[in-house]
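Counting starts at 1 for both ligands and their atoms, following the listed order.
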Amino acid sequence: MKIRTGQGIDFHRLEKGRALWLGGVNIPSDKGCVAHSDGDVLLHAICDALLGAAGLRDIGFHFPDTSNEFRNIDSKILLGRSYEMIRGKGFHVVNIDSTVCLERPKISPFIPEMRSVIAGITGTDPDDVSIKATTTEEMGFTGRGEGVVAIASVLLRQ
Ligand SMILES: [Zn+2]
């Protein structure tokens, strides 16, 4: 059995009056991500980890932010397409681990729903999808609420 690991990282600016999407879930917040798509930083990091593990370049290569096709697109569609691409190379997801770095709001209550959304798209069990939350203790751009970061790693088997 061939196994492959991949990692992904994504950043988005936060602005007042925008919807905050994280892990495919809409989270009540006075600020949301500025992006060409819905700005779901966690799903974008997971897409990049999946694509990277399979040697399939990155999210910007497959879903360019210059294309109207992807304007305001639901990132669950991008994750689904990334998953189809790795399946096309015969890979299955073993597990996903991820961390979201955001000062506020607290995302902990939404993590169970995010895990089941991501598991549903990637052919895994919610137990195989880990989402952790952290802050930078008010330091830097995340600490000032100017942006959000997500990091993901995945393991694939072929
Ligand atoms: Zn992104």
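The Zn ion (ligand 1) lies closest to atom OD2 when only the N/O/S atoms of D10 are considered. Nearest N, O or S atom of H44 to the Zn ion (ligand 1): atom ND1.
Residue side and main chain included, D40 places no N/O/S atom under 2.8 Å of the Zn ion (ligand 1). Among the backbone and side-chain atoms of C33, no N/O/S atom is found under 2.8 Å from the Zn ion (ligand 1).
For the side-chain contact (heavy atoms from CB on, under 4.5 Å) with V93, the qualifying choice from V129, I118, I121, I86 is I86, the only one to do so.
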Applying side-chain contact (heavy atoms from CB on, under 4.5 Å) to L56 and H62, what does each step give before you reach the verdict? CA-CA 9 Å; L56 288 167; H62 295 287; 4.2 Å; yes
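Smallest separation of non-hydrogen atoms from P105 and L20: CD-CD2, 4.0 Å.
Annotation: side chain of L102 is in contact with side chain of L14 (closest heavy-atom distance under 4.5 Å).
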